[in-house]
Amino acid sequence: MTDEKLEKIFKPFEQVGDTQRRAEGTGLGLAISRQLVELMGSEIKLKSEFGKGST
């Protein structure tokens, strides 16, 4: 994932990636997950190497 996409991935209604390979949805899953995790006092982290993959 590019740095630009990394900045957007947790924003509501954002879907990053190849437009032809996206699944249907609203792009709220990661935004909601992040809020829930933060309410519990923790955080979600993302690590990505462009062209290799993300975790």
Side-chain angles (χ1 to χ4, degrees):
M1 229 182 270
T2 64
D3 287 340
E4 180 183 315
K5 289 180 181 177
L6 288 174
E7 292 176 18
K8 292 182 177 182
I9 197 161
F10 289 106
K11 292 185 178 180
F13 305 108
E14 290 289 333
Q15 294 183 348
V16 298
D18 183 357
T19 55
Q20 294 178 350
R21 297 183 69 197
R22 281 188 203 155
E24 290 185 29
T26 61
L28 286 172
L30 286 175
I32 292 170
S33 296
R34 181 181 225 178
Q35 286 181 340
L36 288 172
V37 168
E38 287 176 351
L39 285 171
M40 293 186 280
S42 194
E43 63 183 330
I44 292 179
K45 295 184 179 185
L46 172 66
K47 182 174 130 180
S48 182
E49 272 192 69
F50 185 70
K52 291 190 176 183
S54 304
T55 56

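The first residue of the sequence shown is numbered 1, and numbering continues consecutively from there.
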Roughly how far apart are R34 CZ and K11 NZ, rounded to 0.5 Å? 10.0 Å
Can you name the one residue among D3, I9, T2 that meets side-chain contact (heavy atoms from CB on, under 4.5 Å) with K5? T2
To the nearest 0.5 Å, how far apart are CG in L28 and OG in S33? 10.0 Å
To the nearest 0.5 Å, atom CZ of F10 lies from atom CD of E43 at 10.0 Å
Please answer: with hydrophobic residues joined when any side-chain heavy atoms are less than 4.5 Å apart, are L36 and F13 in the same cluster? yes
Which residues satisfy the side-chain hydrogen bond (donor to acceptor under 3.5 Å, both in side chains) test with S54, sequence neighbours excluded? S48
Applying salt bridge (Lys or Arg N to Asp or Glu O under 4.0 Å), name anything that partners K47, two or more places apart in sequence or on another chain. none
Listed partners of E7 passing salt bridge (Lys or Arg N to Asp or Glu O under 4.0 Å), at least two apart: none
If you group Ile, Leu, Val, Met, Phe, Trp and Tyr by side-chain heavy-atom gaps below 4.5 Å, do F50 and L46 land in one group? no
